[in-house]
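Here the structure is laid out as structure tokens; the discussion comes afterwards.
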Amino acid sequence: MTKIATWNVNSVKARLPHLVDWLKTASPDVVLLQEIKCVTEEFPRLEVEAAGYCCEVIGQKAYNGVAIVAKQKISDVIYELPGGADDDHARYIEGTVGDVRVASIYLPNGNPIDSPKFAYKLGFLERLRVHALGLFASERPVVLGGDYNVCPTDEDVWDVRAMARDALVQPETRAAFRKILHQGWTDAIRTLRPHGRHYTYWDYFQNRFTRDHGLRIDHLLLSPAAADRLKDAGIDRGPRAKEKASDHTPVWCELQ
DNA sequence: ATGGTCGGGCTCCGA
């Protein structure tokens with residue numbers, strides 16, 4: 001059994017105790033991290049290795065940054081999403097662990113929707129669609145995990161009215177996400193829990209977590225070869241309940 | 001009713 005998780009940690013340095021703790025208690029084989037918020041050289045490699053994990057990292061100063069953390073060695077790594085000639089954001093890393101190709105994706109937030117940030121988000125989704133097509137065609141087990149900053153349906157939003165102007169729920173955003181899904185990818189959480197509210201993110205404001213006013217924006221997309229092996233998936237709210245928590249919590253799946 | 005709270009890096013940006 002292989003357990004693969006995605007977690008936007010909102011600063012890997014601020015979250016290091018929580019991360020190491022979760023590696024020990026949840027014992028995932030692979031964790032796809034987003035928003036590490038440090039340059040590559042400052043990633044806490046020694047502490048993660050001491051917990052029994054390898055890491056591959058692409059960071060930048062202050063913002064963004066993604067990593068793959070795995071018990072086994074990580075090979076054939078690429079450190080950016082192809083097709084972004086003038087894109088210097090550290091938002092994509094992809095590598096092979098065992099026989100599974102995994103990607104850690106930090107999709108642009110895209111707010112406000114009348115700014116260039118929204119166009120950048122839609123452009124990134126289109127680049128991801130093109131790249132995902134190649135991964136899909138490989139017929140390998142592939143897991144595209146990350147903070148997609150997309151609420152696929154209204155059921156993934158605690159308050160549709162409050163979010164109406166938000167980039168995470170716009171029809172264009174959802175259409176671009178669906179275009180990827182429709183290649184044949186399986187949304188691990190929605191497949192195992194077709195109904196109900198299963199949030200992965202709660203804003204720091206207004207005690208949103210304790211009131212379960214959240215969003216489902218962190219996703220694990222599985223290629224058919226991976227989906228055939230899907231045994232379980234879940235959202236571990238434990239880390240979000242802690243003091244000094246990230247605003248996101250880990251989402252995981254188990255492949256046989 | 002456009003607030004509220006984080007993290008990073010340095011007086012404000014991004015989420």
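The chains referred to below are lettered A, B, ... by the order of the sequence lines, with proteins before strands, and numbering in each begins at 1. Note that this is a predicted model, so its numbers are computed, not measured.
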Inset, instruction - Enumerate the residue pairs fulfilling side-chain hydrogen bond (donor to acceptor under 3.5 Å, both in side chains) with a member in residues 160-172 of chain A, sequence neighbours excluded, ordered by first and then second residue. - result: Asn111(A)-Asp166(A)

Whole-Å distance separating the [atom1] atom of [X] from the [atom2] atom of [N]:
{"X": "Asp247(A)", "N": "dG14(B)", "atom1": "CG", "atom2": "P", "answer": "17 Å"}
{"X": "Met163(A)", "N": "dT2(B)", "atom1": "CE", "atom2": "P", "answer": "19 Å"}
{"X": "Phe209(A)", "N": "dC6(B)", "atom1": "CZ", "atom2": "P", "answer": "14 Å"}
{"X": "Asn64(A)", "N": "dC13(B)", "atom1": "CG", "atom2": "C1'", "answer": "12 Å"}
{"X": "Asp166(A)", "N": "dG4(B)", "atom1": "CG", "atom2": "C1'", "answer": "15 Å"}
{"X": "His89(A)", "N": "dG14(B)", "atom1": "NE2", "atom2": "C1'", "answer": "11 Å"}
{"X": "Gln34(A)", "N": "dA15(B)", "atom1": "CD", "atom2": "C1'", "answer": "14 Å"}
{"X": "Arg91(A)", "N": "dG14(B)", "atom1": "CZ", "atom2": "P", "answer": "11 Å"}

Any donor and acceptor pair, going by atom type alone, linking the side chain of [X] with main-chain N or O of [Y] inside 3.5 Å?
{"X": "Arg240(A)", "Y": "Asp247(A)", "result": "yes"}
{"X": "Thr40(A)", "Y": "Gly59(A)", "result": "yes"}
{"X": "Thr186(A)", "Y": "Ala227(A)", "result": "no"}
{"X": "Lys179(A)", "Y": "Leu125(A)", "result": "no"}
{"X": "Arg101(A)", "Y": "Val143(A)", "result": "no"}

Mind checking the [atom1] distance from [N] to [M]? Whole angstroms is fine.
{"N": "dA15(B)", "M": "dT2(B)", "atom1": "P", "answer": "23 Å"}
{"N": "dG8(B)", "M": "dG4(B)", "atom1": "P", "answer": "22 Å"}
{"N": "dC13(B)", "M": "dG3(B)", "atom1": "P", "answer": "15 Å"}
{"N": "dC10(B)", "M": "dG14(B)", "atom1": "P", "answer": "14 Å"}
{"N": "dG9(B)", "M": "dT5(B)", "atom1": "P", "answer": "22 Å"}

Legend entry - Geometric class of the His219(A)/Phe177(A) ring pair [parallel <30°, tilted 30-60°, perpendicular >60°]: tilted

Inset, instruction - Return the orientation label for the Trp158(A) and His213(A) ring planes: parallel under 30°, perpendicular over 60°, tilted otherwise. - result: parallel

Inset, instruction - Tell me what Arg165(A) touches on the nucleic acid: a base, only sugar-phosphate, or nothing, going by heavy atoms under 4.0 Å. - result: nothing

Inset, instruction - Only one of Asn64(A), Thr6(A), Asp147(A) passes side-chain hydrogen bond (donor to acceptor under 3.5 Å, both in side chains) with Gln34(A); say which it is. - result: Thr6(A)

Legend entry - Residue-level proximity of residues 197-206 of chain A to DNA chain B when a heavy atom falls under 4.0 Å: Tyr204(A), Phe205(A)

Inset, instruction - Let me know, please, whether Arg208(A) or Glu35(A) comes out on the 5' side of the other along DNA chain B by nearest nucleotide. - result: Arg208(A)

Inset, instruction - Using only side-chain N and O atoms of Arg15(A), determine if any of them is under 4.0 Å from OP1 or OP2 of dC6(B). - result: no

Inset, instruction - May I ask you to verify if any side-chain N or O of Lys244(A) is less than 4.0 angstrom from the OP1 or OP2 atom of dC6(B)? - result: no

Could you pull out the protein-nucleic contacts involving nucleotides 8-10 of chain B (nitrogen or oxygen on both sides, under 3.5 Å)?
unit_1, atom_1, unit_2, atom_2, d
dG8(B), OP1, Ser11(A), OG, 2.2
dC10(B), OP1, Lys61(A), NZ, 3.3

Legend entry - Between His89(A) and Tyr120(A), ring centroids under 6.0 Å: yes

